Amino acid sequence: MNKELPHNLKLLTIWLLILLAVFLGFKAWEHQRSQSLITIDGAEITLKRGPDGHFHWPGAVNGVAVDFLVDTGATGTALPQDLAERAGLVAEARVSSHTAAGVAQGYRARADISLRGGVQAERLAVTVLPALGAPLLGMDILSKLDFKQEDGKLHIRAQR
């Protein structure tokens with residue numbers, strides 16, 4: 001009895017392994033690239049503009065890893081609903097929020113925010129919006145920091 005796999009199954013297995021290797025390589029490259037967009041030199045944190053034209057700041061919401069989009073035009077920090085659920089946030093009140101796409105309905109919650117480089121905010125009031133595509137880091141945190149933008153970089157320091 002021949003116990004060899006059929007030829008088509010062998011080819012399929014090889015192609016799946018090749019695709020897996022390409023996928024894992026891309027994910028490793030993507031991770032390495034995102035790590036190079038932030039540097040910490042003593043008390044100064046420098047964010048380089050990402051390929052999408054925005055500044056991203058890695059951090060966590062209640063311990064759940066997240067990549068914040070720095071939004072100096074946002075009054076407060078806003079989170080997508082799926083992230084809020086993973087972070088265990090509890091709705092405190094319904095809110096309406098004025099966004100670039102118009103008025104959006106969501107809710108207010110409290111979250112512990114930590115950002116790479118040591119910036120933290122405990123029990124920060126955040127807005128949770130179901131249709132929000134990415135977590136937005138707003139002026140409720142940024143206004144407590146000294147920051148300046150130049151040459152595609154955002155330089156951040158804690159206020160003294």
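Residue numbers run from 1 in the order of the sequence given. A quick note: this is a predicted structure, and the numbers were derived from the prediction, not measured.
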Task: Student check: side-chain heavy atoms of Trp57 and Ile141 closer than 4.5 Å - done: no

Task: Shortest non-hydrogen separation from Ala111 to Leu89 and the atoms involved - done: CB-CD2, 3.7 Å

- [ ] Keeping the roles fixed (side chain from Asp151, backbone from Lys153), state whether a donor-acceptor pair exists under 3.5 Å.
- [x] no

Open item on the list: Working to the nearest 0.5 angstrom, can you tell me the gap between Lys48 NZ and Ile38 CD1?
Closed with: 10.5 Å

- [ ] To the nearest 0.5 Å, tell me how far His155 NE2 sits from Ile45 CD1.
- [x] 12.5 Å

TODO: Using a 4.5 Å cut-off on heavy atoms from C-beta on, say whether the side chain of Tyr107 contacts that of Glu92.
DONE: no

- [ ] Please answer: with hydrophobic residues joined when any side-chain heavy atoms are less than 4.5 Å apart, are Phe68 and Leu142 in the same cluster?
- [x] yes

Task: Closest contact, heavy atoms only, Arg108 versus Thr127 - done: NH1-OG1, 3.1 Å

Task: Asp52 atom CG: more than 12 heavy-atom contacts under 6.0 Å - done: yes

TODO: With rounding to the nearest 0.5 Å, note down the distance linking CD1 in Ile40 to CZ in Arg116.
DONE: 5.0 Å

Open item on the list: When you measure from the side chain of Asp112 to the backbone of Arg123, do you find a donor-acceptor pair of N or O atoms at a distance under 3.5 Å?
Closed with: yes

- [ ] Consider only side-chain heavy atoms of I, L, V, M, F, W and Y, link residues closer than 4.5 Å, and tell whether Val70 and Leu79 are in one cluster.
- [x] yes

Open item on the list: Between Met139 and Thr75, is there a side-chain heavy-atom distance shorter than 4.5 Å?
Closed with: no

TODO: Give, for atom CD1 of Ile113 and atom CG of Asn62, the distance between the pair rounded to the nearest 0.5 Å.
DONE: 7.0 Å

Task: Minimal non-hydrogen separation, Gly152 against Phe55, with atom names - done: O-CE2, 3.6 Å

Open item on the list: When you group the ILVMFWY residues by side-chain heavy-atom contacts below 4.5 Å and let the links chain together, are Leu69 and Leu145 in the same group?
Closed with: no

Task: Same apolar cluster: Leu136 and Val64, side chain cutoff 4.5 Å - done: no

TODO: Measure the spacing between OG1 of Thr13 and CG of Asn8 and express it to the nearest 0.5 Å.
DONE: 10.5 Å

Task: Minimum-distance pair of heavy atoms, taken over all atoms of His56 and Asp67 - done: ND1-OD2, 3.1 Å

Task: Closest non-hydrogen atom pair, Gln149 against Arg49 - done: NE2-NH2, 2.6 Å

TODO: Could you state whether Leu47 and Val66 fall into the same hydrophobic cluster, counting links through intermediate Ile, Leu, Val, Met, Phe, Trp or Tyr residues with side-chain heavy atoms under 4.5 angstrom apart?
DONE: yes

Open item on the list: As an exercise, state the distance from NZ of Lys148 to CD1 of Ile156, rounded to the nearest 0.5 Å.
Closed with: 12.5 Å

Open item on the list: My understanding is that a hydrophobic cluster links ILVMFWY residues whose side chain heavy atoms are under 4.5 Å apart, including indirect links. Using that, what else belongs to the cluster containing Val90?
Closed with: none

Task: Where Asp140 and Ala125 come nearest, the two heavy atoms and their spacing - done: OD2-O, 3.8 Å

Task: Minimum side-chain heavy-atom gap Leu115-Leu137 below 4.5 Å - done: yes

